[in-house]
Amino acid sequence: MYQYDQYDQAMVDARVEEFRDQCRRRLEGTLTEDQFKPLRLQNGLYLQLHAYMLRVAIPYGTLSGKQMHALADIADKYDRGYGHFTTRQNIQYNWIKLEDCGDILADLAKVEMHAIQTSGNCIRNISSDQYAGAAADELVDPRPYAELLRQWSSFHPEFAHLPRKFKICVIASEKDRAAMRLHDIGINIVKNAEGTLGVAFYVGGGMGRTPMIAPLIREFVPLDQMVTYSEACLRVYNRHGRRDNKYKARIKILVHEMGAEEYTRQVEEEFAHLLEQDIEPPIAELDRIRSYFQPPEFATGLAEKADRSDPDFALWIDRNCSPHKVPGYVSAAISLKPVGGIPGDASAQQMHLMAELAKDYSFDECRVTHAQNIILPHVEVGRLYELWEKLDEAGLGTANLDQVGDIIACPGLDYCSLANARSIPVSQKISERFAANGKGELLGELKLKISGCINACGHHHAGHIGILGVDRKGVENYQLLLGGSEAEDVSLAKITGPGFNEDGIVDAVETVADLYLERREDGERFLDTYRRLGMDTFKEALYG
Amino acid sequence: MADRNPVDLGTGRDDVQLRFRSDEQAGIAAVTVDSFLDQPDAEAVRIEPGDNALDLLPHLSRLRLVEVNFPAFTDGRGYSSARTLREHGYTGELRAVGDVLVDQLRFMRRCGFDAFAPDAPINEADAAAALERFDHVYQPAADEAVPIWTLRHG
């Protein structure tokens, strides 16, 4: 994986000093809170309901064991012994003291990590496919392109005060495991008819209050123009994105209001101009970055089948392991969604264990997924059983990847100052219900996503089943949505009708799950059955 | 919230506090973009956030001063305006005016600003520290800084 050189290190070290100085001036009173807020946000520091929250960047979700250990140490030293992995493949800590932040950033810098641009109206952490470098179906490893964009976007002087936050995702396979088209810019590495690698640009997607699927605006940008094209996309957005209403400030609204065609025309014009400015990194830089992402030294002649005599283990393999490009290996998912647990949370102890297991079983590498789980990307099939036993012992062996219990949930009203309703208790009740009644075992792939307000951090628009918490006359109320997908069959979920109270929403989820079990045809997922039957059939079951 | 935008402490709205040019400061008043486009002899213009710097490109040769107004420091359109003008060859004074704060100076310099007329005076020691803190940059902009990726590959 990528390693800092002296330049990368100097940049994060300088940032630590800059932030210490900003904190000093804030505490002295020469910086007002209004002036300080964008500065602290661009260092990932939010003021939440109960305390400061610090969000640490995990570029494209890739971590070494050493870095995972450091994250655990921070949880122990500065927080309450746990952390929360997020839908942007980052980690956040919920109980941080402002006066500790400089030291935390310094601790992070020692392991080549930072909190730069994890919040604020700037280009955020670049996300990617959690199976990058391992997936059997990928064209190339997308991470070198994500890393190049990480560097380009870090401390970008023109784009630090955009109309709104800006999220970029890079993938390199037809299967979309990273919600690419629900990003401000979605980049897909593709090959053209001549077999040359290039970049397809999708611009103007997003969730939030007004969900949009990004349209394709350029089928093929040569690799050595990717940064220049990105810059053109950003500049047109910075110039014309709405500033009068923060709820209409994302690029999706600009592309929608201006029209994808006109937006593209302006981008192409700016792109032509910027090509003359010679802002593209040398192709040698991409080669240098690629050299850090060379495949590890995989063994050959390994067993390709595991002993499945333990049924619990066999289930875990079927649900949590994904095909690897090298025979004898798989990618193994560590579910952070135990029945009744808090989605995405991990204790310091669990993080230390995952770090050890990454080192012992996966070439010292692990990944964070946008669905808030951890992946060990390169595990020998023949060693899966001992790995699973260790995970299971630590409460990390839940076999539910992409199942009804593998819920994405935002922190909700338990932590977040924006939330209208709690997300965590609802997700706990749903996972407990489906574990207790045994139906969870029957449902197969069913992606359930919960947001505690319309900002949609819990991706409810993209859930096969989505739940949106709202405030109805001072009482938490939950709307049910059906039919969303963040994958290559991307679609936006639709609201079924009137909302439910906390217990009612759990019943409603069971009702639509029952309908699916009753009406599904061979091989259909919940989503397929919903698409075939249509909303009315589900409404009928829900509301009679 | 109450301490936002302290009252003017003596630097008038258009008084240049920091300047990074060796030529004489142009003693001319800037007019709005609309007025500038109407007045063929105007030499100074003030760009508001909603103005499009591209409209000025046919007239760069007569421009001696461009002010870019930041009514709120969080409105970043002026950064694109500045860089656009520099990329198209404007070499005269490019002055950031308004809600210009020390923590934004470095990026403003990188986008081509070379004069600053802040609403509230900037602490000059803090400004010097802010401008010197980072030895490197990751990407090219409108300044002379050589990006790290170029340093890596000579």
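Letters A, B, ... are given to chains in the order of the sequence lines, protein chains preceding strands, and every chain is numbered from 1. Since the structure is predicted, the reported quantities are computational estimates derived from the model, not experimental observations. Any value given below was found using the heavy atoms of this structure, including those in side chains, with hydrogens, waters and symmetry copies removed.
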Tell me, do A/Trp152 and B/Pro147 make a side-chain contact under 4.5 Å, heavy atoms counted?
no
Are the side chains of B/His153 and A/Arg288 in contact, using a 4.5 Å heavy-atom criterion?
yes
Can you confirm whether [X] is buried at [atom1], in the sense that more than 12 heavy atoms of other residues, nucleotides or ligands lie under 6.0 Å from that atom?
{"X": "B/Glu24", "atom1": "CD", "value": "no"}
{"X": "A/Tyr292", "atom1": "OH", "value": "yes"}
{"X": "A/Glu28", "atom1": "CD", "value": "yes"}

If you take all heavy atoms of [X] and [Y], which pair is closest and at what distance?
{"X": "A/His161", "Y": "B/Thr74", "result": "CB-O, 3.5 Å"}
{"X": "A/Val227", "Y": "B/Trp149", "result": "CG1-CH2, 4.3 Å"}
{"X": "A/Phe155", "Y": "B/Arg106", "result": "CD2-NH2, 4.0 Å"}
{"X": "B/Tyr79", "Y": "A/Pro157", "result": "CD2-O, 3.4 Å"}
{"X": "A/Arg243", "Y": "B/Gly76", "result": "NH1-N, 3.1 Å"}
{"X": "B/Gln104", "Y": "A/Leu39", "result": "NE2-CD2, 3.8 Å"}

Chain A contact via [X] - side chain, backbone, both or neither, heavy atoms under 4.5 Å:
{"X": "B/Val137", "value": "backbone"}
{"X": "B/Asn123", "value": "neither"}
{"X": "B/Asp143", "value": "neither"}
{"X": "B/His136", "value": "both"}

Given a strict heavy-atom distance threshold of 4.5 Å, which part of [X] is in contact with chain B: side chain, backbone, both, or neither?
{"X": "A/Gln22", "result": "side chain"}
{"X": "A/Gln6", "result": "neither"}
{"X": "A/Arg15", "result": "both"}
{"X": "A/Leu274", "result": "side chain"}
{"X": "A/Pro281", "result": "both"}
{"X": "A/Arg150", "result": "side chain"}

Does a donor on one side chain sit under 3.5 Å from an acceptor on the other, for B/Gln139 and A/His156?
no
Donor + acceptor pair across side chains of B/Asp103, A/Gln35 (<3.5 Å):
no
Determine, step by step, whether B/Asp135 and A/Tyr7 satisfy the side chain to side chain donor-acceptor pair (under 3.5 Å) criterion, reporting the C-alpha distance in whole Å, the side-chain angles of both residues, the deciding distance to 0.1 Å, and the verdict.
CA-CA 9 Å; B/Asp135 290 334; A/Tyr7 296 112; over 6 Å; no
Hey, could you give me the [atom1]/[atom2] distance between [X] and [Y], rounded to the nearest 0.5 Å?
{"X": "B/Leu54", "Y": "A/Glu270", "atom1": "CG", "atom2": "CD", "result": "6.5 Å"}
{"X": "A/Ile279", "Y": "B/Arg83", "atom1": "CD1", "atom2": "CZ", "result": "5.5 Å"}
{"X": "B/Asp75", "Y": "A/Leu162", "atom1": "CG", "atom2": "CG", "result": "11.0 Å"}

Evaluate the criterion side chain to side chain contact (heavy atoms under 4.5 Å, CB included) for residue pair A/Asp21 and B/Arg133; output intermediate values, then yes/no.
CA-CA 11 Å; A/Asp21 185 57; B/Arg133 185 167 288 120; 3.3 Å; yes
Is the shortest distance from a Lys or Arg side-chain nitrogen in A/Asp8 or B/Arg152 to a carboxylate oxygen in the other one below 4.0 Å?
yes
Just give me the residue among A/Asp278, A/Asn238, A/Asp5 that pairs up with chain B most often, heavy atom to heavy atom, under 4.5 Å.
A/Asn238
Ranking A/Ala10, A/Pro282, A/Ala160 by heavy-atom pairs under 4.5 Å to chain B gives rank one to A/Pro282
Please lay out, stage by stage, how B/Thr150 and A/Glu285 fare under the test side chain to side chain contact (heavy atoms under 4.5 Å, CB included).
CA-CA 8 Å; B/Thr150 305; A/Glu285 177 61 9; over 6 Å; no
Option that, when pairs with chain A are counted at under 4.5 Å, heavy atom only, ranks first among B/Arg110, B/Glu87, B/His88, B/Arg109:
B/Glu87
What residue among A/Arg235, A/Arg239, A/Glu158 forms side-chain hydrogen bond (donor to acceptor under 3.5 Å, both in side chains) with B/Ser80?
A/Glu158
